[in-house]
Amino acid sequence: MTLSINTPCIESRPLSSAAERSVFVKLDALQPSGSFKIRGIGLLCEEHASRGAQRFISSSGGNAGLAVAYAGRMLKVPVVVVVPESTTSRAKEMIRRENAEVITHGVSWQEANELALSMVTEQDAFLHPFDHPRIWSGHATVIDEVVQAGIRPQAVITCVGGGGLLCGVVEGLRRNGLAHVPVVAVETTGADSLHQSLHAGERIELPAITSIATSLGAKKVAEQAFAYTKEHDIRSVVVSDAQAVRACLRFIDDHRIVLEPACGAALAVAYEKDPALLGFDSVLVIACGGVTTTPRQLEEYAQKLGA
Ligand SMILES: *Cc1c(COP(=O)(O)O)cnc(C)c1O
């Protein structure tokens with residue numbers, strides 16, 4: 001069984017005309033859990049279930065928690081998701097709708113994560129949101145599908161939080177003989193842990209996350225993500241929250257699909273013809289998700305940010 005689906009990959013006319021080159025969009029927001037996360041997390045949950053895990057435990061109030069909840073329901077394994085108080089009632093409701101138990105604990109993810117870890121017994125499996133090799137192997141299927149569809153982009157644009165998706169994209173390119181294809185790795189100001197690490201020449205931890213792109217809010221990227229920047233052509237780009245939100249609103253008008261600001265960051269690079277695209281005739285953007293966002297929330301952000 002595979003819990004993720006083969007999502008459509010379309011050549012976007014509006015994005016192509018804005019970027020003045022072919023822009024393909026991999027619509028992973030259409031995954032059953034609402035984001036690409038089900039690829040890797042689904043694979044890891046399946047492996048844990050086949051090894052007899054009695055319960056899945058997660059500490060993400062976002063797309064990772066939703067992916068674990070969805071996987072648990074499909075695999076008939078009970079799920080507990082511990083989320084911090086900052087998690088929206090909408091997100092909690094969506095996780096509960098997947099029959100998972102939601103426990104609200106602590107002001108930040110750190111406290112929620114501590115409680116989640118303290119609950120893990122030998123019969124349980126703990127699912128990290130991004131830092132696991134099997135998660136990256138699962139995420140890599142996003143590139144397998146693009147290649148199987150006969151699409152050969154000259155560069156891949158993806159956003160970066162903890163770097164799980166980035167590791168998956170690089171692994172996917174490598175296992176399809178495309179190790180030479182550059183990756184444009186996009187973050188927002190205030191969630192730019194990869195960019196700051198590259199600047200410092202070592203993997204750094206941000207003191208705080210100040211971006212509204214909560215899914216990019218890992219203070220420190222996975223070790224493998226940083227290691228890949230030395231082995232693969234990875235070009236780091238940082239955009240503002242306003243640029244990310246504007247891209248989401250444009251994408252709704254253009255494609256009738258709601259994405260969250262994390263994902264808008266990657267789209268902004270194409271919409272705004274970022275210099276990082278120079279020299280590429282065709283690019284692939286991964287439209288990674290946005291199920292906890294609403295058009296109204298995006299409009300409110302836009303007003304606040306003057307986007
Ligand atoms: C998780 C997530 C990200 C960040 O992915 P990482 O693997 O942590 O880099 C970006 N966008 C969306 C929609 C996500 O769910």
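Here the structure is a predicted model, which is why all the values come from computation and not from measurement. All ligand and atom numbering here is 1-based and tracks the order in the structure. Just so you know, these numbers use all the heavy atoms, side chains as well, and skip hydrogens, waters and symmetry mates.
Summarising the geometry of V283 relative to I157, their closest heavy-atom pair is CG2-CD1, 4.0 Å, with the distance given to 0.1 Å.
Applying the ring-ring contact (aromatic ring centres under 6.0 Å, His included) test to every pair with at least one member in residues 44-87, sequence neighbours left out, gives no pairs at all. Sorted by first and then second residue, the pairs that involve residues 268-280 and meet side chain to side chain donor-acceptor pair (under 3.5 Å), not counting sequence neighbours, are E20-K273, Q243-E272, R246-E272, D254-Y271.
Looking at residues two or more places apart in sequence or on another chain, you find no salt bridge (charged side-chain N to carboxylate O under 4.0 Å, His left out) involving E101.
Using a heavy-atom distance under 4.0 Å as the criterion, the protein contacts of ligand 1 are F36, K37, N63, F130, C159, V160, G161, G162, G163, G164, L165, S215, L216, E260, A262, C288, G289.
Ring to ring, H232 and Y228 are not that close: their centroids are 6.0 angstrom or more apart.
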task: Kindly determine whether H139 and V169 satisfy side chain to side chain contact (heavy atoms under 4.5 Å, CB included), including the steps that lead there.
output: CA-CA 7 Å; H139 289 347; V169 166; over 6 Å; no

